[in-house]
There are 2 protein chains.
Amino acid sequence: MSSSPLACASCPVRDRAACAALDEGEREELARLGRHRVLAPGETLFAAGEPNDRCATLVRGALKIATTDVEGDERILSLVHPAGFVGELFAPLARFDVVALTASEVCLFTRAEYEAAVERYPELARALLRRSSEDLFGARSLMAMVGRHSARERVAAFLLAMADAASDSPCHPAARFDLPLSRAEMAGLLGLTIETVSRQVSALERSGAIRRHGLRGIELVDAAQLGRAALP
Amino acid sequence: MSSSPLACASCPVRDRAACAALDEGEREELARLGRHRVLAPGETLFAAGEPNDRCATLVRGALKIATTDVEGDERILSLVHPAGFVGELFAPLARFDVVALTASEVCLFTRAEYEAAVERYPELARALLRRSSEDLFGARSLMAMVGRHSARERVAAFLLAMADAASDSPCHPAARFDLPLSRAEMAGLLGLTIETVSRQVSALERSGAIRRHGLRGIELVDAAQLGRAALP
DNA sequence: CGTCGCGTTGAAATCCATCAAACGACGTGG
DNA sequence: CCACGTCGTTTGATGGATTTCAACGCGACG
């Protein structure tokens, strides 16, 4: 863990994150409230049950929002990409875990100060509302995908989504990328077991849709076929 | 379908809906922008793909937010209870269907006018943000429940949730209530088939946890047992 | 009275979870 | 450098839960 003042000038998400709604002076004031922090892969940013007194914007890397049920296995509820906002402004306790998937950087704020900023700057409230709406859409889309699709379809759709997320240009999947998730995490996200995920990835490789490079590298050999495999 | 001016004075959700954040004068101004509308069971309020130019607050009844996939069967993504807000302020097209489950009443606004109100009244933006955050929590909780739980657990948990929702006093389930959903809708919500839902309800009745009254009436005979059935 | 929609029940098939074992990558220590 | 253990992953065999296919019951409604 490390922590230092913010450097908005060089921030890679300065025009996409919630704070982009602020003008220069407002942003500087907000920046004084926050700290920049680096997270190692697997490091927990917030833990369910803890006092919910902080929130953050993801600057680089990837996070997961997850719960672990009574049997001890983890269910991933959402992936967070750069410019995403994490933290619940209205709950007394954190209800989910927020964990870094890869090496990540966040802007960390105390919740009280951030809430005060939301009251002071109405544009910030609207930006957060927009982001929350998108998160809601994302959560519902994931639910629509996971519910009543076969293991094959889930894995194929997930690989396509990751290819899109890995690409710089929107709407064009990356031809080759590294998965930010382990097999166990993929299983937790898709509602499957590790073995089933592994089998489906193997089957997709056998069918010629993808090729594996090492444990996490994926190459899209036949994106159209992968797209067909993702549909019911 | 019917439509008439709003009557906030007698509104059953006047202190819980988003507009409750406004003071008297502001609320009256907002009320002038909206129309009261009654929905019959099964009536569609918004349809996916349509221009997304309206939004609404639910006053009475129940709505579902749903998609229907390529095979034509419906996946329910969320239930909306009174005081809930529906509509997406930031998307050009509606992405999900919003349909009345039971006879319902809504306050309907044009999106443009509502967005203008959100800009004019910062408290309204914060109230919507709060509501959106809760919806997000609800969506994620549903996902956590549906993912990797058995059919028995899903049906039991659903019945408990409906008993809670049907009760006036919070946190005390109603001893007897009518399901607002058909078997097909329950199946769509829980990610199961109609037959499996039916079998599980039958099994819960055989085990003595509940009793059925007609097609939609449910009586909680042994709520503790039902609670145990809902856990893994 | 026949039909239609909705729900229940039964039998068979299928897909996935579970149990089990082996593999490769990696780091440690001999 | 190699033996060794660990961790994550892959692959195989088996069983079970749920889907699928099919039939029936029941009430509503024309």
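Letters A, B, ... are given to chains in the order of the sequence lines, protein chains preceding strands, and every chain is numbered from 1.
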Separation of C/dA25 C1' from A/R216 CZ (nearest whole Å): 13 Å

Touch check for A/R154, heavy atoms < 4.0 angstrom, all strands: base, sugar-phosphate only, or nothing? nothing

B/L159 and B/L220: side chain to side chain contact (heavy atoms under 4.5 Å, CB included), yes or no, with the steps? CA-CA 9 Å; B/L159 290 177; B/L220 263 58; 5.7 Å; no

So is A/R95 actually on top of B/F137's ring, under 6.0 Å and inside 45° of the axis? yes

Base-contact (B) and sugar-phosphate-only (S) positions in nucleotides 11-18 of chain C, heavy-atom cut-off under 4.0 Å, - elsewhere: B----SSB

Base, sugar-phosphate or nothing for A/S198? Non-hydrogen atoms, less than 4.0 Å. base

Taking A/E43 first and then A/R37, would you say they form a salt bridge - that is, a charged N and a carboxylate O separated by under 4.0 Å? yes

Interatomic distance, B/D73 CG vs D/dT20 P [rounded to whole Å]: 9 Å

Would you please indicate if the ring centroids of B/Y114 and B/F85 are separated by under 6.0 Å? yes

Among B/L101, B/L63, B/I65, which one satisfies side-chain contact (heavy atoms from CB on, under 4.5 Å) with B/L79? B/L101

Here the distance between atom C1' of C/dG5 and atom CG of B/L215, to the nearest Å, is 11 Å

Strictly below 4.0 Å, N to O, side chains only: are A/E219 and A/R176 in salt-bridge contact? no

Round to a whole Å and report the spacing from CD of A/E185 to C1' of D/dC7. 14 Å

Is any NZ, NE, NH1 or NH2 atom of the basic residue among B/R183 and B/E195 found under 4.0 Å from an Asp or Glu carboxylate oxygen of the other? no

Taking CD1 from B/I218 and C1' from C/dG7, how many angstroms apart are they, rounded to a whole number? 13 Å

A/R212 has an atom CZ; how far is it from atom P of C/dG24, in whole Å? 13 Å

Between P on D/dT9 and CD on A/E205, what's the gap in Å once rounded to a whole number? 15 Å

Are A/E185 and A/K64 close enough for a salt bridge, meaning some N to O gap below 4.0 Å? yes

Expressed as a whole number of angstroms, how long is the span from B/L101:CG to C/dC6:P? 14 Å

I want to verify a distance call: between C/dT8, D/dT10, C/dG7, whose nearest atom is closest to the A/S202 side chain? D/dT10

Would you mind building the protein contact string for nucleotides 24-30 of chain D? One character per nucleotide, 5' to 3', B for base within reach (heavy atoms under 4.0 Å), S for sugar-phosphate only, - for untouched. -------

Measure across A/V221 and A/I210 and return the closest heavy-atom pair with its distance rounded to 0.1 Å. CG2-C, 3.7 Å

